Amino acid sequence: MSIYDTLNPEQQRAVFHDKGPLLILAGAGSGKTRVLTHRIAYLIEEREVNPWNILAITFTNKAAKEMRERVDKIVGYGSESIWVSTFHSTCVRILRRYIDTLGYDRSFTIYDTDDQKSLMREVCKYLEIDTKKMNERGILSVISKAKDELVSPEEFALRAQGDYQQSKYAQAYTEYQKRLKLNNALDFDDLIVKTVELFQTNKEALNYYQNRFRYIMVDEYQDTNTAQFRLIHLLSMGLNEYGEREYNLCVVGDDDQSIYKFRGANIHNILNFEQAFPNTKVIKLEQNYRSTKSILNTANEVICNNKGRKDKSLWTDNEEGQPVCFTQFATDFEEADQITSEIKRYVEAGEAGYNDFAILYRTNAQSRLFEEKLILRNIPYKIVGGVNFYSRREIKDILAYLKTIDNGMDSIAVKRIINVPRRGIGLTTIDKVNDYAIRNDISFYEALTRAQSIPGLERTASKITPFVSLIEGLKSRLTKEGYSLNELIDDILDATGYLRELEEDNSEEAKDRIANIDELVNKLVSYEENAEEEPTLSGFLEEVALVSDIDSLDETNEHIVLMTLHSAKGLEFPYVYLSGMEEGIFPGYMAIHAENPEEEIEEERRLCYVGITRAMKGLSLSAAKQRMLRGETQFNRPSRFINEIPRYLLKMNASSPKKIQSGYQTSDYDFNNHTPFEKSIEFEKSSGTGSYKQTQIAYKPYSTPEPKQFAGNNMGTLDYGVGDTVKHIKFGTGEVIDIVMGGKDYEVTVEFPNFGVKKLLSSFAKLVKI
DNA sequence: ACGCCGACCGTCCGA
DNA sequence: CGGTCGGCGT
């Protein structure tokens with residue numbers, strides 16, 4: 001009996017693969033993390049690979065942490081010397097050691113999106129770019145895309161020749177990079193790009209890491225971009241002791257779960273892996289251990305509408321399970337209300353815990369309504385993503401102090417805090433200092449130290465000097481033996497008067513801010529206590545820069561989890577609510593109206609597939625007919641993805657993922673009150689037979705305030721009668737000759753001039769009174 | 001220099 | 001709806 005006996009034959013083939021490139025196509029829930037961890041154990045224990053020679057790369061810290069824990073459990077010794085980390089932390093670690101050869105200082109800081117925007121604002125001002133015509137975000141996204149593809153500013157400029165718009169971008173890109181370097185800062189994309197640059201220009205560094213990482217594993221490979229591909233490619237080209245290239249590269253991914261095209265993921269990395277790495281062994285993991293047959297079938301039905309996939313079909317031995325449900329609510333408000341109350345009922349009935357549920361949505365903005373309802377019902381919850389803790393003003397302020405102390409070259413940080421709290425240093429002063437800094441080719445902070453000698457600042461210099469001494473004072477304390485980061489942050493809060501100012505302000509907002517600062521102090525203390533190496537200020541700032549919200553998610557806590565579909569990738573939950581299944585929301589407006597809608601819709605469909613496959617036991621899909629979006633009301637049809645699920649798999653209008661038959665009222669919402677689907681047209685021909693019976697659920701009529709557009713076909717509120725002329729989507733206009741009550745529905749008989757007499761169900765036929 | 005207010009605006013997704 | 005920015009008054 002060995003640890004490998006519990007693996008299925010395909011998993012074993014992947015684990016026991018010896019040398020050379022290996023592509024594992026691992027469907028959702030097929031146990032890929034298990035395969036990766038067992039493979040690591042196998043390499044060490046059976047192939048006598050030195051743990052030191054293994055690199056495992058993931059996309060999130062959470063995944064890295066989990067893999068580390070699982071490896072620790074099954075690898076007897078030496079597991080701590082396996083390098084398990086994310087792309088970004090791997091690169092930071094490499095750059096901290098070698099980046100001086102690229103002309104940066106090793107204490108570089110990492111710019112987040114806000115910092116990037118501030119810097120780009122300066123760039124635009126300098127280049128006299130009208131940010132109304134080309135906004136900072138737009139320029140940054142062009143630059144980011146270039147970096148993802150390893151296009152340098154020089155190359156970008158070359159390609160842009162003759163195109164005014166592109167040339168502007170090229171100028172901005174060049175200037176932006178110049179200023180990043182001046183600030184001794186790297187943005188997220190730079191972390192990868194600069195590491196590739198390092199390896200291409202510094203043979204010694206490349207050799208060192210090639211030699212070290214003889215076995216490389218990459219998780220979520222479908223989400224890698226071109227720069228990351230190049231990085232892996234370079235690393236995997238090391239030679240073994242006989243001078244041979246082995247390409248001991250094992251990548252795990254699922255092309256159906258590629259959902260990060262917008263941030264540069266290149267699906268060709270996985271589709272063309274076999275071409276890029278000759279003699280690749282391909283192993284498919286197609287048995288799903290996570291979901292019920294109902295859920296898996298639903299997922300397969302949706303994803304099979306995509307073209308250009310790797311051929312594979314997921315199956316499961318699990319039970320059939322509860323059918324997947326779809327509910328169309330009248331409003332987004334009601335959607336949130338019903339879903340949260342349903343979850344509460346389950347938990348109070350003892351059928352599940354709050355941590356068994358996840359509510360997923362396409363955009364973060366959709367979380368707000370759910371949050372309000374959860375607070376109202378006193379249900380514990382955690383929202384992943386959205387407004388980042390580290391992007392709150394007070395946190396950014398304190399971090400800017402820490403950054404200024406750590407790296408005075410980071411002008412964005414210095415400018416942020418120079419007048420926070422108020423020191424009477426205004427914009428005009430800052431501009432003068434800035435000009436002086438640029439003219440003398442020194443950093444902004446350096447210029448501040450020479451304030452007295454800057455022409456025109458004779459008077460304001462008296463306000464600048466105390467700020468400089470404050471920072472210098474804090475810096476010098478930091479160099480003292482035994483002075484902790486915890487003390488530093490306390491000194492900052494005290495010496496600047498930042499905390500005092502908040503304490504004197506008795507508002508609710510100020511109290512929140514203080515609480516947030518306390519939270520930051522907690523994080524710093526726990527960093528100091530848990531740091532693997534000597535805790536340093538740079539180390540803390542780095543951790544903060546690279547942390548993502550999902551990393552702190554603890555599924556064992558008793559709370560519902562709310563997050564976007566993107567954040568949910570890689571996770572699983574017993575019961576999943578997939579909300580906002582509406583055209584314009586999911587698939588999103590941007591995808592539908594893109595230049596290449598087919599491609600964009602396929603990406604959305606993969607996202608839908610990811611969402612569906614998160615569910616283990618129960619899946620409930622929902623839409624709202626009416627939704628508030630940026631202050632205005634939208635009316636949306638149900639998502640096309642709902643239409644792609646065959647009727648027999650979908651239990652319509654029931655809002656429960658399980659035990660719907662148990663007798664109680666799942667929802668007092670008007671079940672019939674939904675917009676008909678296109679597929680329902682076919683269904684009319686066989687009305688009264690087939691799977692429709694499933695949907696005959698007891699309900700009590702409930703009238704909801706309705707927009708006129710949707711009042712045409714719901715039970716109890718038919719706005720047409722016998723003798724009226726109505727319009728049908730397929731049959732055109734006709735006259736209503738009879739209406740009878742049938743089951744929970746009206747059976748409407750209509751005479752169409754061109755199609756004859758048809759019997760239609762009011763809830764499915766889109767009959768509109770003319 | 002700074003704070004207030006009204007106009008405007010623009011949107012997905014994220015390390 | 002909610003954040004941001006620019007104009008204006010102090």
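This is a predicted model, so every value here is computed, not measured.
The side chain of A:R137 lies closest to B:dC12 when the candidates are B:dC2, B:dC12, B:dA15. Nearest to the side chain of A:H88, among B:dC2, B:dC12, B:dA15, sits B:dA15.
Among the duplex regions that DNA chain B forms, those built from at least three successive Watson-Crick or G-U pairs under 3.5 Å are B:1-9 with C:2-10, ordered by first number.
Rounded to a whole Å, the CD atom of A:E220 is 15 Å from the P atom of B:dG14. In this structure, A:I192 atom CD1 and B:dG14 atom P are separated by 18 Å, rounded to whole Å. Straight-line distance from the CG atom of A:L360 to the P atom of B:dG14: 12 Å, rounded to whole Å. Between the CG atom of A:D223 and the C1' atom of B:dG14 there is a distance of 11 Å, given to the nearest Å. As rounded to whole Å, 15 Å separates atom C1' of B:dG14 from atom CG of A:L140. The NZ atom of A:K569 sits 10 Å away from the P atom of B:dA15 (whole-angstrom rounding). Rounded to an integer number of Å, the gap from A:Y390 OH to B:dG14 C1' is 17 Å. Residue A:E604 contributes atom CD, which lies 12 Å from atom P of B:dC12 at whole-angstrom precision.
With sequence neighbours left out, the side-chain contact (heavy atoms from CB on, under 4.5 Å) criterion links A:T428 to no other residue. The side chain to side chain donor-acceptor pair (under 3.5 Å) test applied to A:T60 returns no partner, not counting sequence neighbours. Considering only residues two or more places apart in sequence or on other chains, A:R93 meets the salt bridge (Lys or Arg N to Asp or Glu O under 4.0 Å) condition with none of them. Not counting sequence neighbours, the partners of A:T109 by the side chain to side chain donor-acceptor pair (under 3.5 Å) test are A:D410. With sequence neighbours excluded, the residues satisfying side-chain contact (heavy atoms from CB on, under 4.5 Å) with A:D397 are A:R393, A:R416, A:V420, A:Y498. Here A:E69 pairs with A:K65 under the side-chain contact (heavy atoms from CB on, under 4.5 Å) rule; sequence neighbours left out. A:L520 is linked by a side-chain contact (heavy atoms from CB on, under 4.5 Å) to A:F389, A:Y390, A:I395, A:I398, A:L399, A:I489, A:F540, counting only residues two or more places apart in sequence or in another chain.
Of the side-chain N and O atoms in A:N364, one or more sit less than 4.0 angstrom from OP1 or OP2 of B:dC13. A:N419 has a side-chain polar atom (N or O) that falls below the 4.0 Å cut-off from OP1 or OP2 of B:dC2. A close approach under 4.0 Å does not occur between any side-chain nitrogen or oxygen of A:T564 and OP1 or OP2 of B:dC12. Between A:T113 and the phosphate of B:dG14, there is no side-chain N or O to OP1/OP2 separation shorter than 4.0 Å. Note on A:S567: every side-chain N or O is 4.0 Å or more away from OP1 and OP2 of B:dC13. Of the side-chain N and O atoms in A:S548, one or more sit less than 4.0 angstrom from OP1 or OP2 of B:dA15. Close to B:dA15, at under 4.0 Å from its OP1 or OP2, lies no side-chain N or O of A:T60.
Note on A:G588: nothing from the nucleic acid sits closer than 4.0 angstrom, heavy atoms only. Across all strands, A:F586 comes closer than 4.0 Å to no nucleic acid atom at all (heavy-atom distances). Counting non-hydrogen atoms under 4.0 angstrom, A:T86 reaches nothing in the nucleic acid. Contact annotation for A:D112: no contact, since no heavy-atom pair falls under 4.0 Å across all strands.
Going from atom CG of A:D187 over to atom NZ of A:K194 covers 9.5 Å, rounded to the nearest 0.5 Å. To the nearest 0.5 angstrom, A:L565 atom CG is 5.5 Å from A:L578 atom CG.
For the P atoms, the distance from C:dT4 to B:dC13 is 16 Å, rounded to whole Å.
A donor-acceptor distance shorter than 3.5 angstrom exists from the side chain of A:D551 to the backbone of A:N61, with no hydrogens or angles considered.
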Polar atoms only, N or O, under 3.5 Å: list the protein pairs with nucleotides 7-10 of chain C and their distances.
none

List every contact pair, protein side and nucleotides 2-5 of chain C side both N or O, where the distance is under 3.5 Å.
| residue | atom | partner | partner atom | Å |
| --- | --- | --- | --- | --- |
| C:dC5 | OP1 | A:R121 | NH2 | 3.3 |

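Between A:V384 and A:R423, the residue anchored closer to the 5' end of DNA chain B is A:R423, taking for each the nucleotide with the nearest heavy atom.
Side-chain contact, A:S411 with A:N183: a donor N or O sits under 3.5 Å from an acceptor N or O. In the model, A:T58 has no side-chain atom that pairs as donor or acceptor with a side-chain atom of A:D219 under 3.5 Å.
The stretch residues 256-264 of chain A touches DNA chain B through A:Y260, A:F262, A:R263, each having a heavy atom within less than 4.0 Å of the strand.
Exactly one of A:E603, A:R605, A:E598 qualifies for a side-chain hydrogen bond (donor to acceptor under 3.5 Å, both in side chains) with A:N306. That residue is A:R605.
Contact record, A:L95 with A:R106: O-CG, 4.3 Å, taken as the closest heavy-atom pair.
Among residues at least two apart or in separate chains, there is no salt bridge (Lys or Arg N to Asp or Glu O under 4.0 Å) pair with a member in residues 417-426 of chain A.
At least one cation-pi condition fails for A:R263 and A:F188: the charged atom is not both under 6.0 angstrom from the six-membered ring centre and inside a 45 degree cone around its axis.
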